[in-house]
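Here is the naming used below: chain letters follow the sequence lines, and residue numbers restart at 1 for every chain. Fair warning: this is a prediction, and the values are worked out from it, not measured in the lab.
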Number of protein chains: 2
Amino acid sequence: MEVKELKDKNAEVKILDAARKIFLEKGLAGARMQDIANEACLNKALLHYYYRSKEKLFQTIFQDELLNFFNNMQEIMNAPITLFEKIELLVAKEIDTMNSCPRLPIFIMNELTQDPDSCLMKMKNMEMHKLYAKFRNEVVAEIEKGTIKKVNPDHLFLNLLAMTGYPFMAKPVVQGLFELNEDGYSDFIEQHKKDVSKFIIDSLIPIPN
Amino acid sequence: MEVKELKDKNAEVKILDAARKIFLEKGLAGARMQDIANEACLNKALLHYYYRSKEKLFQTIFQDELLNFFNNMQEIMNAPITLFEKIELLVAKEIDTMNSCPRLPIFIMNELTQDPDSCLMKMKNMEMHKLYAKFRNEVVAEIEKGTIKKVNPDHLFLNLLAMTGYPFMAKPVVQGLFELNEDGYSDFIEQHKKDVSKFIIDSLIPIPN
DNA sequence: TGCGGCCTTAACCAAATGGTTAAACCATGG
DNA sequence: CCATGGTTTAACCATTTGGTTAAGGCCGCA
């Protein structure tokens with residue numbers, strides 16, 4: 001029985017891993033069930049045995065990746081650290097996550113764009129807004145204390161997400177624009193991590209009188 | 001002859017317009033030739049008559065949109081205005097362009113990700129790097145004059161692109177996060193336009209002694 | 001060893017999809 | 001008024017694709 005369970009799990013996991021890879025690479029519309037089966041070294045019928053349809057399999061993967069995508073945020077938002085530390089951590093961890101899976105952000109955003117209604121629902125379910133409210137409140141509090149400049153927290157947070165996510169979504173453009181090969185791109189991203197933190201935090205430090 | 005030419009153009013243009021709409025909406029893999037034909041109120045065979053294949057039709061559209069996407073940059077980079085004015089103009093015009101076609105950036109980036117090799121080639125053809133070099137040189141010059149802080153022009157420029165492009169690419173997330181309906185989103189983007197310019201320019205102004 | 005139930009697969013199916021073709025259409029010029 | 005050229009269409013075709021099924025395999029168990 002143990003051996004069988006192991007095998008089961010392996011089959012299911014193999015499918016999931018393969019599906020993740022193919023869907024991330026080609027998106028829902030571009031992915032073929034046969035590609036996933038090949039990637040998993042399994043028969044196509046297996047996919048339908050474990051997951052009823054392409055759509056179901058996709059939703060399984062997508063839900064997972066969406067959580068993955070916003071996971072760091074959850075942790076960091078609730079950590080007992082200063083605002084500046086939160087910003088630094090958010091930037092660093094977000095970039096690290098994407099570095100380990102560069103197609104994640106463009107995949108997520110593209111599929112969400114294809115089906116924005118389900119997006120709003122999912123984000124409600126994940127209580128994204130409540131999560132973000134913590135950040136916003138802290139920014140407002142710091143402004144009232146006078147420890148940071150008066151800025152709009154919404155735009156601040158969006159800019160943070162933008163500067164961390166965009167370099168991955170626009171990877172080919174970045175490589176073309178700055179004439180970077182793969183190694184050069186990696187180095188660039190590593191610099192970018194520090195640059196973004198500094199950029200944001202500098203923008204918040206009040207002008208000394 | 002005039003009438004026929006008019007008709008010709010109308011048919012070709014109708015196909016192109018329809019294709020643009022469908023491809024932008026669903027991407028290359030998700031778009032169906034029949035969808036395009038329906039959208040254009042024409043027979044599917046017409047598409048193949050004017051453009052040999054789906055791939056050819058797509059390339060026509062894509063090349064066009066890529067130019068459209070980087071068009072503002074070209075103009076503004078060469079204008080005889082100050083660096084700060086260039087930054088303001090870049091942000092404003094880039095956002096205006098995307099506002100009139102919100103799916104453009106995610107479409108471009110997603111398709112480029114699907115085929116990064118052709119991306120590098122296209123960007124070489126468009127001399128993007130030469131175009132960007134103008135901006136970089138101006139930043140370096142201003143730094144040497146001491147009129148702006150010492151910053152890395154590459155990251156500065158990437159951040160500019162990121163903050164302008166990301167809000168459109170991540171539109172569903174932005175709407176979910178800040179609980180915005182369509183009107184609220186439009187207003188938010190309009191604020192964002194000003195916010196980003198200010199954010200960048202403030203980050204460049206040297207700290208007064 | 002053989003029974004029984006879950007796994008796995010090759011073969012198959014219907015629908016969708018990109019693409020072709022041959023015939024009809026239609027304005028123009030002789 | 002017909003011949004001619006490009007233009008438009010309905011019907012058709014081959015392949016791909018998501019999905020099904022029925023037969024066999026494998027494993028623990030008696």
Just by distance, no angles: are the side chains of B/E75 and B/N71 close enough, under 3.5 Å, to form a donor-acceptor pair? no
note: A/N43, atom CG; D/dG19, atom C1'; distance rounded to Å ~ 12 Å
Quick note, A/Y50 side chain, CB onward, closest among C/dG19, D/dT7, C/dC7 is C/dC7
Regarding the side chain of B/K44, the nearest nucleotide among C/dG19, D/dT8, C/dT8 is C/dG19
Against the side chain of A/M33, the closest entry in C/dG18, D/dG19, C/dA10 is D/dG19
Of the listed D/dT21, C/dT21, C/dG19, the closest approach to the B/A45 side chain comes from C/dT21
> Going through the distances and angles, do A/R20 and A/E39 end up as a salt bridge (Lys or Arg N to Asp or Glu O under 4.0 Å)?
Replying inline: CA-CA 10 Å; A/R20 192 184 325 276; A/E39 178 70 32; over 6 Å; no
Practice task
Please indicate whether A/K149 has more than 12 foreign heavy atoms, meaning atoms of other residues, nucleotides or ligands, lying under 6.0 Å from its NZ.
Solution key: yes
Here the distance between atom P of C/dG18 and atom CG of B/L46, to the nearest Å, is 16 Å
**Prompt:** Using 30° and 60° as the class limits, which term best fits the ring planes of B/F135 and B/F157: parallel, tilted or perpendicular?
**Reply:** tilted
Here the distance between atom P of C/dT20 and atom NZ of B/K56, to the nearest Å, is 11 Å
Note to self: Ignoring hydrogens and geometry beyond distance, is the side chain of A/K54 in donor-acceptor contact with the base of D/dG19 at under 3.5 Å?
What the structure shows: no
**Message:** Please confirm whether the shortest side-chain N or O distance from A/R52 to OP1 or OP2 of D/dG19 is below 4.0 Å.
**Reply:** no
Would you mind classifying the nucleic acid contact of B/A31 as base, sugar-phosphate or nothing, using non-hydrogen atoms under 4.0 angstrom? sugar-phosphate
From CZ of B/F58 across to P of C/dG19 the rounded distance in Å is 14 Å
Can a side chain N or O of B/Y49 be found less than 4.0 Å away from OP1 or OP2 on D/dT9?
no
From CG of B/N38 across to P of D/dT9 the rounded distance in Å is 12 Å
Here the distance between atom P of C/dT17 and atom CD1 of B/I36, to the nearest Å, is 12 Å
(Q) Is the ring pair A/Y132/B/F178 parallel, tilted or perpendicular, if the boundaries are 30 and 60 degrees? (A) perpendicular
B/L47 atom CG is separated from C/dT20 atom P, nearest whole Å, by 12 Å
note: B/E12, atom CD; D/dT7, atom P; distance rounded to Å ~ 8 Å
Of the listed D/dT20, C/dA10, D/dT9, the closest approach to the B/L42 side chain comes from D/dT9
